[in-house]
Amino acid sequence: MPPRVVSINLCADQLVLALADPGQLLAVGRLAADPTLSAMHREAAAVPAIGGSAEEVLRLAPDLVVSGAAQQRKTNALLRRMGFRVLALGAPDDVEGVAAMIGEVAAAIGQSARGERLAIELRAAFRAPTDPVGAAALVWRPNGFVSGRGTLSDAALRAAGLENAAALAGIGAWGTMPLERLVTSPPDILVLDDHMAVKSSRAQALLVHPALARLAPPMRIGTVPTADWLCPGPWMRAAVDRLRALAEP
Amino acid sequence: MLLRTEGVTVRLDRRAAVADVSLAVPAGCLMALIGPNGAGKTTLLRAVAGLAPHAGRITVAGHDLAALTPAARARLMAYLPQRRDVAWGLAARDVVALGRLPHLGAGRRESEEDRAAIAAAMAAADVAALADRPVDRLSGGERARVLLARALAQAAPLLLADEPTAALDPYHQLQVMEVLRAEAEAGRAVVAVLHDLALAARFAHRVALMADGRLAAAGSPEDVLTEDRLAAVYRVAALAGTRDGARWILPWRRL
Amino acid sequence: MRRAAPLLAILASAVLVAAAASLAVGYVPLPLADLVAGLFGGGPAAPLVQEIRLPRTLLALAVGASLGLAGAALQGLLRNPLAEPGVVGISASAGLGAVIALYFGLAAAWPPALPILGMVGAGVAGVLVLLLAGRAAGVLSLVLAGVAVSSFAVALTALALNLAPNPYALSEMLFWLLGSVRDRSFDDLGYAAPFMILGAALLLTAGRGLDALTLGEETAASLGVRVGALRAQVVAGTALAVGAAVSAAGSIGFVGLVVPHLLRPLCGHRPGRLLLPSALGGAILIAAADVLVRLVPTRTELHLGVVTALVGAPFFLALLASLGRR
């Protein structure tokens, strides 16, 4: 009998939705059903949604609670105090870390075989191509945040045969690239989150700055759905596929 | 002597604002502390109140000021500063009741004696009718009298008042001076800084005249407020005379 | 004394009502019988009531009381109705201390480091405001000093969250700016409560001095008050109460402003008599706000500071305008 599970964190939600048997999940967080944020939103629709408070968890009395280590810090502490088993997930920054996290969650919910299969698929999806395209791509997020070296986005770019322009510019895990620098040395491909393709905030206004529009062509602009790489997990292969398609000249 | 200062010196910014002042005020005496602006009157009063560090010795009812705790000091003397700020809109009666703080116990409950002292002080200062009025809605004169009642309610043998008649109309100036004199005659020692020579001459039992931080003269109004001294210290010529057995004085022109 | 006893009785009853509402409202519907049984004994709801709702309710009450009381005491000390832990930057500085304790591993190594650094932050800000604004703070100098201290502390908090190995800096910032008592346990309460109680004791015993201070520092001194000691007592009490409250619940603004202002006329405008009612009023306000954030159907739970700001900011502006007119 596999343990009955409640998940209270968007990224944890998607992992348990990918790994658990139907019926094993008592509830997941409300955001899991949001198609703009969650790659597993269709699966989530079949599972009860909760706000993620300790009260709701207590009522459901699961065998295991899966949550985020940082965002649910207080709730985790309270639930552990009350005797619940809580698996709090970190934020791995490389493919092996994600594979290990998948394995950990799978083992905890009694789905090790499925976990192994997904981990293998993930590694395969991220395997570097033998003939890299070599074009430089920049992942551009609101307020000029870019993904540099040592991030999953960086790994996805390399898996698609692309160079990470942010890493080339010497930007570490997380950093910002000023618009001026982007304009003076534009990448071959600018990759935007499609969640941000809507004009609704100042951050997004920067994303469609007229200066950017004048760079393309020759710069190509593509999008990757936010949900495909917001959280680490096997669904990231969709992001890699998307990047491969963008890399095609 | 209820108040005695011996060689009191107060330095402000290295300048001696008060230099070597020795004074004695017995119980039953209203002493007017007079002198031109900057003579050191307020500074001396603050030193006596324990608010300005000083050299020399001050004794109140035989106690060395330096050896008194703040609480014991508060039971020996009340201080009425020139500024009449009241931060909040307390009822006049509650302002007067603050004078009883040195006498209240830890529970801060008013005893019969406290209530009697408050009522007596309010009656003496003629503010009984204002009891429930918020103090921030009172006129300047009303507020001055409420604060005077506050100092009276402290029921200390020594009362120090800094320009208690400033910014009051003649009626209320006379009223305040009558209260101070009556309090002195009831057995307290009262020291009042005054700018109005006429009030000093008319009401004070004794006058202390200060000039440049020093005591220029002390004694009865008749002895101190002579034409020569007024000319020397204040640089004014004054009219003077006697009416109803009291001396009157009126500064007339600059010299 | 006049009117004090009935006011306290009314406020105490309201505290009980707010506490009961806070226990009764949550994310899981709970029949009254189960709630009562769970609170006083066993029954199926006992873990929910005793481990989740009770610490949350108690923390909301304690945090509100600390903020209301500190506001009333600061106003008495500075003789200014705008003085408030949030307005003068004490809350933000406490948040900075707590962030440093949390994200540089100090709190993990030794849990009391969290409230202690929160209190250090609050204390430093308190001293800074006294120095910057002066002893009898004018409206303008107090507000400006508060803006300076507060902005600086918020900026340093953002810096600390950026420097710390923490990918969720932005969402954490929201908590430290707006506060919440969501899913707090008795552990959280246990670390903060002793300091809040100690701080409250310091503040509640300052009433006599604060009353005397109504007449200015010199008159207060002549009434036997050691003004320097009083100042130290109020700043220390505020640092303890607010520092501990913020480290447990984030910074929640305007409580110390709104509550004393509403209660002052009912306390005869006496700063000393205002202290205890303000503590009770603050407890009521935060407990009620915490009921509201659980009832409003937002996608993620509202922060408490959002509710208190919605009530408090218009209040603050009205107060500022009325002071300006004088």
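Both backbone and side-chain heavy atoms feed into the values below; hydrogens, waters and symmetry mates do not. First the proteins, then the strands, lettered A, B, ... as listed; each starts at 1.
At most 12 non-hydrogen atoms from other residues, nucleotides or ligands lie less than 6.0 angstrom from CZ of C:Phe152.
Neither the backbone nor the side chain of A:Ala77 comes within contact range of chain C; no heavy atoms are under 4.5 Å apart. Using a 4.5 Å cut-off between heavy atoms, C:Asp187 contacts chain A through both its backbone and its side chain. No part of A:Asp93 comes within reach of chain C, as not one of its non-hydrogen atoms sits under 4.5 angstrom from that chain. Using a 4.5 Å cut-off between heavy atoms, A:Leu31 touches chain C through its side chain atoms alone.
When the options A:Val5, A:Val57, A:Leu25 are evaluated for a side chain to side chain contact (heavy atoms under 4.5 Å, CB included) with A:Pro62, the one that passes is A:Val57.
With 3.5 Å as the limit, one finds no donor-acceptor pair spanning the side chains of C:Ser91 and C:Ser251. With 3.5 Å as the limit, one finds a donor-acceptor pair spanning the side chains of A:Asn76 and A:Ser67.
Of all the listed residues (C:Arg56, C:Glu51, C:Arg294), the one sharing the greatest number of non-hydrogen pairs under 4.5 Å with chain A is C:Glu51.
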Step-by-step salt bridge (Lys or Arg N to Asp or Glu O under 4.0 Å) determination, A:Glu96 to A:Arg123:
CA-CA 8 Å; A:Glu96 276 317 304; A:Arg123 289 198 187 92; 2.7 Å; yes

